[in-house]
Amino acid sequence: MHIVVGLSGGVDSSVVAALYLSRGHKVTCVYLDGGFGSSQDARAVAAGLGAAFEVVDTSDAMRRLVMAPFLDAYAAGQTPNPCIECNPSVKFPSLLAAARRLSADRVATGHYARCAEGALYKGLPGRDQSYMMYRLPRDNLPLLEFPLGAMDKPSVRALARELGLPVAEKKDSMDICFPYEEPQLDWTLLAPDGRELGRHKGILTLGQRRGLGVASAEGRLYVSALDPKRRVATLDGIDSVLSHTFDLRRVHWLIDEPSGTIACAARIRHAGTEARAEVVPRPSECATLTFEDPMFGGAPGQSAVFYEGERVLGGGVIDAVR
RNA sequence: UGGGCUGUAGCCAAGCCGGUAAGGCACCAGACUUUGACUCUGGCAUUGCGCAGGUUCGAGUCCUGCCAGCCCAG
């Protein structure tokens, strides 16, 4: 089999490339160049493995489809999740296009998730990245492989050492992968009774408490409401940030679209807890998500992802928190 | 220029009849994390407690004076 491996130069994707080679497959490593970062490590890994290597320029798509919307969202008082946008609109389309061009059979990446028979499943607990991929087009799934989905990080690292990969000890990447300037938005911070508590220059997220610079005798304060038009943020106790119900837009399914209400488990943050919920589909790719117990951390712009056991059912972008 | 109250780190605030400065918030660092959320861990008043004296083996804690702010009377 000829397989295209999305090679970032990190530990995970490097192990993936090595695995396919050791199984005797033909591997072409593709480094996506978003216009920042360096292809050096990836190139070195591919060279070390004796695999074909090429660089695909995705900088234009990154700017248009990921970075610009990211900043727009913050300006609109939302909390964007660029990784969720990048996967279906830049990363996987670019890798699949490369595979088509090279007449390769499949595409593999180092994501901690699993793919089988056209369905997407979680990776192992504690290392699951399926949340970031719920928005992939359903017809992409049969072409994708995530060989690390059944592994944990220590094993992957151990394997990298065994294979003698030069990046075996490289630190995990986290945080947003592209550079940007934080928009200097002028927020006025108010108490629930309308008292002015302070000002804040920059971006704010619903549920945020650090960086506000406001001391309160009552305890910790969280951003409980954002009014992007007036640039006013209301600060309140943690109870004010808990909610059961979320309105979703841009709902995307990885199963046949349900005709009515479905019960499932759902998550509203990548590293958030999964909890029992109910999804009521609405017209125009909308839905209402209601949890049995109140959830913390929901913010417009973030995604809610639905699960049934290990399987990812779909998800949507949070439009409003109720 | 009558009476009462208060003055402890950036903010709020414990410190009882003196014994060698709680706690919370904020802030900083780290952990966690393919979203800058949340969470967790650690640090955070170096003889210092409005100022100046006094009593005492020892004072934030008692005494005197002063300064500042607040309240009630005027």
Side-chain angles (χ1 to χ4, degrees), chain A residues 6 8-13 32 34 36-37 62 66-67 69-74 77-88 90-92 109-113 123 125-136 146 148 153 156 170-185 189 191 195 197-226 233 235-243 267-273 275 294-305 315 317-318 321:
Chain A
S8 67
V11 184
D12 297 332
S13 56
L32 301 180
F36 38 84
M62 271 306 281
V66 178
M67 295 159 72
F70 170 80
L71 294 175
D72 290 347
Y74 268 126
Q78 304 231 326
T79 305
N81 190 330
C83 296
I84 280 184
E85 300 303 329
C86 173
N87 282 331
V90 178
K91 186 173 286 179
F92 285 94
T109 70
H111 287 95
Y112 289 84
R127 197 73 209 176
D128 169 37
Q129 295 173 331
S130 62
Y131 174 88
M132 300 298 184
M133 299 202 284
Y134 83 92
R135 195 160 268 293
L136 289 178
F146 307 119
L148 304 188
K153 191 73 189 194
V156 172
K170 190 167 165 182
K171 193 171 168 346
D172 284 4
S173 68
M174 34 183 88
D175 300 339
I176 293 176
C177 73
F178 54 86
Y180 63 94
E181 269 186 46
E182 178 172 333
Q184 294 300 299
L185 310 175
L189 308 176
R195 236 170 49 246
L197 296 175
R199 306 203 149 248
H200 182 270
K201 254 198 186 322
I203 54 184
L204 290 175
T205 295
L206 214 54
Q208 173 176 341
R209 72 162 252 265
R210 300 184 111 125
L212 301 174
V214 176
S216 157
E218 284 81 55
R220 299 174 169 177
L221 291 177
Y222 300 79
V223 175
S224 73
L226 288 174
L235 272 36
D236 204 348
I238 189 161
D239 290 347
S240 69
V241 196
L242 296 171
S243 52
R267 230 181 250 177
I268 51 177
R269 301 286 309 200
H270 164 56
T273 35
M295 296 287 276
F296 176 91
Q302 293 287 295
S303 279
V305 178
V317 176
I318 297 174
V321 179

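Not measured: the values here are computed from a predicted model. Within every chain, numbering begins at 1; the chains are lettered A, B, ... in the order of the sequence lines, protein sequences first and strands thereafter.
Taking atom C1' on both B/C12 and B/U55, the two are 34 Å apart, rounded to the nearest angstrom. Spacing between B/C17 and B/C70 at atom P, rounded to whole Å, works out to 29 Å. Between the C1' atoms of B/A9 and B/G23, the separation comes to 13 Å (whole Å). Rounded to whole Å, the separation between the P atoms of B/C25 and B/U20 comes to 26 Å. Distance check on atom P: B/C63 versus B/G48 gives 22 Å, rounded to whole Å. When the P atom is used for both B/C11 and B/G7, the distance is 14 Å, rounded to whole Å. Distance noted for atom C1' between B/U64 and B/C57: 23 Å (whole Å). Using atom C1' as the reference point in both B/G60 and B/C27, the two lie 26 Å apart (nearest Å).
For A/Ala275, the side-chain contact (heavy atoms from CB on, under 4.5 Å) test picks out A/Phe291, A/Met295, with sequence neighbours left out. For A/Phe70, the ring-ring contact (aromatic ring centres under 6.0 Å, His included) partners at least two apart in sequence or on another chain are A/Tyr74, A/Phe178, A/Tyr180. With sequence neighbours excluded, the residues forming a side-chain contact (heavy atoms from CB on, under 4.5 Å) with A/Val317 are A/Tyr134, A/Arg135, A/Arg249, A/Arg250, A/Ser303, listed by chain and number. By the salt bridge (Lys or Arg N to Asp or Glu O under 4.0 Å) test, A/Asp172 pairs with A/Arg127, A/Lys153, A/Arg157, sequence neighbours left out. By the side-chain contact (heavy atoms from CB on, under 4.5 Å) test, A/Ser243 is found to be paired with A/Phe246, A/Val321, residues two or more places apart in sequence or in another chain being considered. Not counting sequence neighbours, the partners of A/Asn87 by the side-chain contact (heavy atoms from CB on, under 4.5 Å) test are A/Lys91, A/Phe92, A/His111, A/Met132, A/Met133, A/Leu136.
The CZ atom of A/Arg267 sits 18 Å away from the P atom of B/A37 (whole-angstrom rounding). To the nearest angstrom, C1' of B/C32 lies 16 Å from CG of A/Asp128. In this structure, A/Asn81 atom CG and B/C38 atom P are separated by 15 Å, rounded to whole Å. The CD-C1' distance, from A/Glu182 to B/U35, rounds to 14 Å in whole Å. One atom, CE of A/Met62, and another, P of B/U35, lie 13 Å apart when rounded to the nearest Å. Atom-to-atom, CD1 of A/Ile84 to P of B/U33 comes out at 17 Å; the value is rounded to the nearest Å. Note: OH (A/Tyr131) to C1' (B/C32) measures 17 Å, nearest angstrom. As rounded to whole Å, 9 Å separates atom C1' of B/A37 from atom CG of A/Leu206.
A stem is defined here as three or more consecutive Watson-Crick or G-U pairs, each with both distances under 3.5 Å; for RNA chain B these stems are B:2-7 with B:67-72, B:10-12 with B:23-25, B:27-31 with B:39-43, B:50-54 with B:62-66.
Across all strands shown, A/Cys83 has heavy atoms under 4.0 Å from base atoms, whether or not it also approaches the sugar-phosphate. Within the nucleic acid shown, A/Glu218 has no heavy atom closer than 4.0 Å to any nucleic acid atom.
For residues 197-216 of chain A, the pairs satisfying salt bridge (charged side-chain N to carboxylate O under 4.0 Å, His left out) are A/Asp186-A/Lys201, A/Glu196-A/Arg199, with sequence neighbours left out.
OP1 or OP2 of B/A37 has not a single side-chain nitrogen or oxygen of A/Tyr74 nearer than 4.0 Å.
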Exercise for the section: Evaluate the criterion salt bridge (charged side-chain N to carboxylate O under 4.0 Å, His left out) for residue pair A/Arg267 and A/Asp128; output intermediate values, then yes/no. Expected result: CA-CA 12 Å; A/Arg267 230 181 250 177; A/Asp128 169 37; 3.1 Å; yes
Exercise for the section: Could you walk me through whether A/Ile238 and A/Phe296 pass side chain to side chain contact (heavy atoms under 4.5 Å, CB included), step by step? Expected result: CA-CA 8 Å; A/Ile238 189 161; A/Phe296 176 91; 3.9 Å; yes
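For the pair A/Ile268 and A/Phe296, both in contact range of RNA chain B, the more 5′-proximal nearest nucleotide belongs to A/Ile268. Sequence order on RNA chain B of the closest nucleotides to A/Gly297 and A/Gly110 puts A/Gly110 first from the 5' end.
In this pair, A/His270 and A/Tyr131 present their aromatic rings tilted. The plane angle is within the 30 to 60° band.
At least one donor-acceptor pair closer than 3.5 Å links the side chain of A/Ser13 to the backbone N or O of A/Ser8.
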Protein N or O to nucleotides 26-31 of chain B N or O, pairs below 3.5 Å:
unit_1	atom_1	unit_2	atom_2	d
B/A26	OP1	A/Arg209	NE	3.4
B/A26	OP2	A/Arg209	NH2	3.0
B/A26	O3'	A/Gly213	N	3.4
B/C27	OP1	A/Gly211	N	2.8
B/C27	OP1	A/Leu212	N	3.3
B/C27	OP1	A/Gly213	N	3.3

